[in-house]
Amino acid sequence: MYVSFGKKSVAVAVSALTALAVSACGTTSGGSSEPKQPSVLELLASDLKGSLQKTSEATNKSDSVTVSMTGNAGGEKVEMRGVLDLGDPVKAEMTTTDPKGDSTVVRMVGAVIYVEIPAEDRASMDGKRWMKMDLDEAGKQAGMNFGQQFEDIDPTKQVKTLLATEGTKVVGQETVNGAATVHYTVNTPLATHLEQVDAKLRAGVEQQMTKMGVKEITTDLWVDEQYRPRRAALKMGPLGELVMDYTDYGKAVTVETPPTAETLDFAEMLKGLQGLTAGN
């Protein structure tokens, strides 16, 4: 989804990041006269369901996390970095970099996103700094659940999805950004993967993705020795693939809703344009 301000394009990556797997690392040694206790890595590899449950519990206790997303979706490069407040609702502040290299700040509060308008374009936007877009409303018009998809960046929800998915496999131990992890992967048919989407919107989403040639989704997750996701990946066939790296769990973050006085509502702006067109 793109929002254009003058010559700049703001790439807002709104992609379903679900059914992602987990892995972890760590060691525990016993005395010479006692049986050797399995390390966390070994437990993650041998007790998949139990490890996923522990990962869900550990991640659920985290208040925040820093996330870096790279990849491509719909033929366009995706690059985002920022922080997530894992409260209710989930909040995020991300800096996106579009294909031209221009950066833009995007905030999410629940199902509402705020895109920062470039300084040189604010005069033509009534001097406003932020463009407000309700993802739920946009989703109803497009037949997609954008709000749910954005919230699925939350690593807690990814782990919970894996707990309910059959066929998850252990790939093995791998190092991610210096942390020892265990890598999990699972392939799911498109229809199964989309079971998390609101039933009223599911048919439309499946139809659109099927037209793009997507038949199944491959999801991967890497978990460290503290039972925390360190990387998540989603492969969507012809539609593209995304990779998210997680760091700095629990670091204090503040994501505030922009002041109303500095905000321009995208839906209201469209209504105004439609009114002008109808008048002509």
* Does atom NZ of K211 have more than 12 heavy-atom neighbours from other groups under 6.0 Å away? ->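 Check fails, neighbour count at 12 or below.
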Are any side-chain N or O atoms of [X] and backbone N or O atoms of [Y], one a donor and one an acceptor, separated by less than 3.5 Å?
X    : Y    : result
T175 : A180 : no
S39  : E42  : yes
D98  : D102 : yes
S56  : L52  : no

Below 4.5 Å, heavy atoms only, C-beta onward: do [X] and [Y] meet side chain to side chain?
X    : Y    : value
R81  : S68  : yes
V112 : K132 : yes
I217 : L234 : yes
D134 : F266 : no
M94  : I113 : no
H183 : D220 : yes
L239 : M209 : yes
L86  : D63  : no

Show the nearest heavy-atom pair for residues [X] and [Y], with the distance to one decimal.
X    : Y    : value
E116 : T104 : O-CG2, 3.3 Å
T95  : S103 : CG2-CB, 4.0 Å
L48  : T168 : CD1-O, 3.4 Å
M131 : D265 : SD-C, 4.4 Å
P229 : V159 : CG-CG2, 3.8 Å
Y249 : S62  : CD2-OG, 3.5 Å

* Asked: If you look only at pairs with a residue in residues 233-250, which of them pass as a salt bridge (charged side-chain N to carboxylate O under 4.0 Å, His left out), with sequence neighbours excluded?
  ->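 Matches after skipping sequence neighbours: R231-D245.
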Applying the 4.5 Å side-chain criterion to the ILVMFWY set and letting contacts propagate, would [X] and [Y] be lumped into a single cluster?
X    : Y    : value
V83  : M80  : no
V170 : L43  : yes
V171 : W222 : no
M125 : M133 : yes
L190 : L242 : yes

* To do: Let me see the working for Y227 and T59 under side-chain contact (heavy atoms from CB on, under 4.5 Å), right down to the final yes or no.
  => CA-CA 8 Å; Y227 291 97; T59 310; over 6 Å; no
* **Gap between atom OG1 of T210 and atom NZ of K215 - 0.5 Å precision** =>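 One gets 10.0 Å once the value is rounded to the nearest 0.5 Å.
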* To do: Rounded to the nearest 0.5 Å, what's the gap from CH2 on W130 to CD1 on I117? Could you check?
  =>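 If we round to the nearest 0.5 Å, W130:CH2 and I117:CD1 are 9.5 Å apart.
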* Asked: Given E57 and T55, is the side-chain contact (heavy atoms from CB on, under 4.5 Å) satisfied, shown in steps?
  -> CA-CA 5 Å; E57 294 170 357; T55 301; over 6 Å; no
* Which is it for Y114 and M108 under the side-chain contact (heavy atoms from CB on, under 4.5 Å) test, yes or no, and what are the steps along the way? -> CA-CA 6 Å; Y114 300 85; M108 180 195 75; over 6 Å; no
* **Pairing of E262 and K128 as salt bridge, 4.0 angstrom limit** =>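 Salt bridge absent between E262 and K128.
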* Basic-acidic side-chain contact under 4.0 Å: R122, E120 ->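 Looking at E120 together with R122, the answer is no, because their closest N to O distance does not fall below 4.0 Å.
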* In this structure, which one of T185, N187, T188 forms a side-chain hydrogen bond (donor to acceptor under 3.5 Å, both in side chains) with T218? ->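 For T218, the side-chain hydrogen bond (donor to acceptor under 3.5 Å, both in side chains) test succeeds with only one of T185, N187, T188, which is N187.
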* Asked: With a 3.5 Å cut-off and no angle check, do the side chains of D224 and T181 form a donor-acceptor pair?
  ->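 Side chains of D224 and T181: no pair found under 3.5 Å.
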* **Worked verdict on R230 versus N177 for side-chain contact (heavy atoms from CB on, under 4.5 Å)** => CA-CA 8 Å; R230 285 291 184 174; N177 297 323; over 6 Å; no
